[in-house]
Structures are given as C-alpha cells and as structure tokens.
2 protein chains.
Amino acid sequence: MLTIGEFSRLTHLSVRTLRRYHEGELLEPAVVDGATGYRYYSVEQIPTAQVINRLRELDVPLSDVQRILRTPDPGVRSTLVAGHLRRLEAELSRTRAAVTSLRRLLQPDPAPIEVELRAEPAREVAAVEAVIGHADVEAWFAGAMAELQAAVGAGRTGPPGGNYDNSLFEEGRGRVLVYLPTSTPPRTGRVHAVTLPAAELAVTTHVGEHEGVDVTYGELGAWVVENAMSVAGPVREVYLVGPRDVSDPAAWRTEIGWPVFRVT
Amino acid sequence: MLTIGEFSRLTHLSVRTLRRYHEGELLEPAVVDGATGYRYYSVEQIPTAQVINRLRELDVPLSDVQRILRTPDPGVRSTLVAGHLRRLEAELSRTRAAVTSLRRLLQPDPAPIEVELRAEPAREVAAVEAVIGHADVEAWFAGAMAELQAAVGAGRTGPPGGNYDNSLFEEGRGRVLVYLPTSTPPRTGRVHAVTLPAAELAVTTHVGEHEGVDVTYGELGAWVVENAMSVAGPVREVYLVGPRDVSDPAAWRTEIGWPVFRVT
DNA sequence: TGTGGACCCTCCCCCAGGGGGAGGGTCCAG
DNA sequence: CTGGACCCTCCCCCTGGGGGAGGGTCCACA
C-alpha cells in the first residue's frame, strides 16, 4: 500500500490531481481508511495512472478516459482510442487551415472582391436537410452528399449547393440543407424534393480551400452594409468547382450568396 | 453601424463572445450608446474580428491575442504570431510522443525490467542547477548542457547526467541539476563544482526516446515498493547514449536511479 | 510516552473561455 | 401604439486543474 504522496512520486501525477481522479471515479484508491479518509494505492494501479496521464496529454476528456478504462476488451478499447486519434488528426488539419488563413489575413490583399446582385428564382431540387451542430457539419455533409449523388446520379443538372442557417454560426446549431439540382427529384432515404425560395442574392465567389471562407463572408458582409442592404435568411453556397472535380484546392470555386433586401 | 446581432452574422462570432471580447478590451464596439448600453460595430472591424477568430482557433490565449492586435508594426506582429506557431509545433511533437507511448502502454510488454541495487559513492562534477517549472525543463536543459560542454570540453570523464527533484513532478516546479563528470570542474558562468552525495540507488535502464520514460519510472517504483524499500531524494538520470551520440532514438539509453532506503 | 514535523483530509475560491438562462429595457414595422 | 425581435446586465454552469486555509494523522526520535 502506498500513500497518495508516494503514489504521486511514482506516477508523476500531482496529489491534487489524484484526489480529483478519485472524486471523478477515474482512479479509485485500492483502500480508503473509513476513519481518517486517507487514500492508499496499490502498485498495480501505476499502469492505470499512466494510461490516464497519456490520454490526458492527448486532451481526451476525463469522461472519455473513464469510458476507455472501463472497457475490458482490448479490441474495443483500442477502437475508442483510435477514435480520439482521428479527432486529433482532424484538429491538426483544422490548425493547419487556420495557420494558412491567418497568413492570408495578416498580409492584407488589397484586391477588392467582386459582388453581383442577382435575383434568384425559386426552383425545385433534390435535397437532404438536418438540424445539426457546427462541429458536425463536415461529417454530415459528406454523408448527405454521397446519398444525393447515389440518388440523383446522371440526372444532375448543375453544381451542388448548400444552405446554412445563420443560427449555425450564431448559436453553433442550425438547419443545414445540401442539394443537387435535377429535373425530377427522387425520393429515397433522406433525399426528397425541396423548393428553394426565390431571393435577392448578393453573390461573390470564394477561390481556394473552404477553410478561410469566412474571410470572404466578411468581405461580402461589408459590401452588403456599404450598399445599404441587410441580410435575411440562410446563406447559400454553390460548389462550382470542388474536390469532386479537381484535386488542387487552389482551383476550387465556391459561390456564396447572401439573401439581402434593400434598406434604403 | 451594425448591431451586435448583425456583426455576429457577418463574423460568425456569437453575440456572447462579442460581448466578452468587448469586456476584455479585445474588440471594442465603434460606438456604445451611453443611455442604452447598445453596442454598435463598424464594417472596418470585421477583419479584426476574423484575426481574433483565427488566433483563437490556434488556441492563442486572449491576452496574447490582445497583445498581437495592439502591435502596430506588421513585422513585430508576425514575430509574435510565429512564436505561437512554434508553440503549436512543440505541442504537436508532444502529441506524437504521447501517441506512441500510449500504444506501448496499451500493448503491455510482459518483459519485466531489470533493476540493480547499487551503492553510489559521492563524487564531484561540473554542474549547472536551477529551480524551474516542469514545462521549461527541456529548454533549460538544452542551454545548460551546451554551457557545460563548452566549459568542460575534452575533460569529460563520463556520460552526462541530471538530477530532478520530486517536487518537479508533484508540484510542477523544483530543483534541476545537470552535470558532466570531469576531474577538474571549471567555474565559468553558471557552471560550478557540485558534490553529488553518496546514495543507495535502485537503477534501471530506459531504452528509446525520453518521452515515455515515466512508464519506466512506474516500473522502477513498483520494484522499489515490492522490495520493501522507499524512495528518498531526487531521481538521478544518466544519459549513457543520447541524441548527442546516436541520431536513432531507438538506440538511446538512459540510466534511471532512484535513491532508496530499506524500510524494514 | 510525548512531540514535532511531515503528511493527509475537506472546503472554498481562482483561472480561461466560453454556454444557459432570468429579468428587464429598446427598437421599429405594421 | 403595440408586439415581437433584439439588446442589456447579472448570475450560475462547464472542464481540468491550482492555491491556500484550517484541522486531523502518522511516525521516528527523544
């Protein structure tokens, strides 16, 4: 039996942290003296403490650490760990995108964006929609688009698009709709016909990776304000050239349309 | 002038976050109505908001974001940003190390470590010492070792070593001492002669990268406890084979000695 | 058999960087 | 002029810890 201080020295976890892990039922001392409350640990608990330490270094939330530790089957366990490793990779690519985008922001490009005011008529498309959280958009988009492609196939009459509720950005959760234009929208699985309403759009084109698109949003927003207009309704993106067409991100083109109305 | 809601839609920052940035003097509205407290932003503030957003995505603390924003000179500014990018890289390598170490932990190696009990006599060495935080050890070590190498030169009579106070791991701050054995310790700069006290050591050898050394610590600790001993004093590491000798981490060998005394 | 110091306990407050919600004032179009 | 959207402040919540107060416990040495 080891006192908490001894165990701390052996695992390089602070006494405070060990007490917290006890409280959170992550690493319970082998023995707790009922009279004094003293915690006593056993040597066998050292590897467990080190696994916790490693997972915490990977910023795995304590609740997930707990779940991993309670999973007896090593196969399932490594699946859980692999999930977090994927999360780390996603975070890494997000970081890379932020870095490049930051560079773009800090070396200000004086080239002003071109904005076109366009009256878009209503039209019917094949769509998949859902209310989801901001963090899940990317994964959801991939699945929805795959389902759409399978359902529409060669009947596609134009580039795919997506509409995004403003609440998605303001509150982190909102309605998202992805669509493929087609003359006869099918109805299979999540795919169904949707009529995109007519709208007055302020339209510009974002060139390059989709990360950093919010800079273009900002420029578009500035244009809208300067032209005495106000935004109304979900933003519309049309993927003119995307990863499905060209692998080089520099060639991608995303049309961004913001429904506006004149303020006078 | 834009209301906070409009500005939120244009920057994809939540209203709450914008208010917080105002409170923290990071992004102050262009106009604040004295009577109502309403915040009004200008279009020119959109790029600033996006820079903040980018930096936050890189986990730059708000205080540092503030410092960056208040730096007018773009050269100095990009230096500050570059510092954070270096921090990101360091974090990335730390993450990689944790991943490999985690794999090692989850695929338990049944090979037990070999521990030797050794009486180490006192000896005089050339050393550099300091009380520092756990996070700074790596950087400090590099500098101290460079100074030692310069001072001792060819007079080296054995592999370098380092002693680490337990408080470094328990409280995140403690005394660290790195040394080079030499017959005539010089006295220049931070380098001075130190007598390492005699001690009874439980010694084992850690093979491979220094990350993951705490697993070896754990095994050594378990051995110490199982052999009815207790640890006393700072841990001693001796870098038998290190990055200065061989570039392949798999060949590195670190001797770890924990001062012990018999309990019974 | 003390006793002093190291060790341990609980409890409360602090940090960043937000989110949720209550309670109430303001703006503006119909 | 009124209703609903919008805005305000204030307080508590989250995670994963750290600092410190106030007090009990263990144990080696005298």
Side-chain angles (χ1 to χ4, degrees), chain A residues 1-9 12-27 29 31-41 52-53 55-66 133-135 166-167 169-173 230-233 261-264, chain B residues 1-9 12-27 29 31-41 52-53 55-66 133-135 166-174 230-233 261-264:
Chain A
M1 285 300 100
L2 302 159
T3 66
I4 197 169
E6 291 164 340
F7 196 71
S8 159
R9 273 184 286 279
H12 293 173
L13 288 166
S14 78
V15 171
R16 291 197 104 86
T17 301
L18 287 173
R19 285 204 266 256
R20 203 167 293 267
Y21 288 173
H22 177 198
E23 190 186 359
E25 300 178 5
L26 257 158
L27 180 62
V31 174
V32 177
D33 188 314
T36 67
Y38 273 36
R39 296 168 177 86
Y40 295 98
Y41 295 83
I52 297 176
N53 209 356
L55 291 170
R56 285 300 306 138
E57 280 179 6
L58 298 175
D59 281 328
V60 175
L62 288 186
S63 55
D64 292 17
V65 173
Q66 192 182 42
H134 188 260
N166 282 316
S167 68
F169 310 109
E170 289 170 49
E171 293 144 34
R173 185 163 200 81
S230 196
V231 302
F261 58 92
R262 189 159 291 282
V263 180
T264 58
Chain B
M1 286 299 98
L2 302 159
T3 66
I4 197 170
E6 291 164 340
F7 196 71
S8 160
R9 273 185 286 279
H12 293 173
L13 288 166
S14 80
V15 170
R16 292 197 103 87
T17 301
L18 287 173
R19 285 204 269 255
R20 203 167 292 268
Y21 289 173
H22 177 199
E23 189 187 0
E25 301 178 4
L26 256 158
L27 181 63
V31 174
V32 178
D33 187 314
T36 68
Y38 272 37
R39 297 168 177 85
Y40 295 98
Y41 294 82
I52 297 176
N53 209 356
L55 291 170
R56 286 299 306 139
E57 280 179 6
L58 298 175
D59 280 328
V60 175
L62 288 185
S63 55
D64 293 18
V65 173
Q66 192 181 44
H134 188 261
N166 281 316
S167 68
L168 191 66
F169 309 108
E170 290 169 49
E171 293 144 33
R173 184 163 200 82
S230 197
V231 303
F261 59 90
R262 192 157 289 282
V263 176
T264 50

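Chain A is the first sequence line, chain B the second, and so forth, proteins listed ahead of strands; every chain is numbered from 1. All heavy atoms count here, side chains included; hydrogens, waters and symmetry mates do not.
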Quick one: list whatever passes salt bridge (charged side-chain N to carboxylate O under 4.0 Å, His left out) with A:Glu6, sequence neighbours left out.
-> none
Please give, in whole Å, the distance from C:dC27 C1' to B:Arg39 CZ?
-> 17 Å
How would you list, by chain and number, every residue that makes a side-chain contact (heavy atoms from CB on, under 4.5 Å) with B:Ser167, sequence neighbours excluded?
-> B:Asp165, B:Glu171
With a 4.0 Å cut-off on heavy atoms, is B:Thr3 in touch with a base, just the backbone sugar-phosphate, or nothing at all?
-> sugar-phosphate
Under 3.5 Å donor-acceptor, A:Gln66 side chain and A:Gly24 backbone | yes
Using the closest heavy atom to pick a nucleotide of DNA chain C for each, name whichever of B:Asp33 or B:Ser63 lands nearer the 5' end.
-> B:Ser63
Contacts of B:Phe169 meeting side-chain contact (heavy atoms from CB on, under 4.5 Å) (sequence neighbours excluded), chain-then-number -> A:His12, B:His134, B:Tyr164, B:Val235
State which residues pass side chain to side chain donor-acceptor pair (under 3.5 Å) with A:Asp59; sequence neighbours excluded, sorted by chain then number.
-> none
Using a heavy-atom cut-off of 4.0 Å to chain B, what are the terminal contacting nucleotides of DNA chain D, in 5' to 3' order?
-> D:dC6 to D:dT9
NA contact type, A:Tyr21, heavy-atom cut-off 4.0 Å: base, sugar-phosphate, or nothing?
-> sugar-phosphate
So what does B:Arg19 hit on the nucleic acid, given a heavy-atom distance under 4.0 Å: a base, only sugar-phosphate, or nothing?
-> base
Per nearest nucleotide of DNA chain D, the residue lying toward the 5' end, B:Arg16 or B:Glu6, is B:Glu6
Mark yes or no for a side-chain to base donor-acceptor pair under 3.5 Å between B:Arg20 and C:dG18, with no hydrogen or angle criteria applied.
-> yes
Hey, does the side chain of B:Ser14 come within less than 4.0 Å of C:dG19's phosphate (OP1/OP2), counting only N and O?
-> yes
Partner set under salt bridge (charged side-chain N to carboxylate O under 4.0 Å, His left out) for A:Arg56, not counting sequence neighbours = none
Across every strand shown, the nucleotide meeting Watson-Crick or G-U wobble geometry with C:dG24 (both distances under 3.5 Å) is D:dC7
Return the value, rounded to whole Å, for the distance between atom CD1 of B:Ile52 and atom P of C:dG18.
-> 10 Å
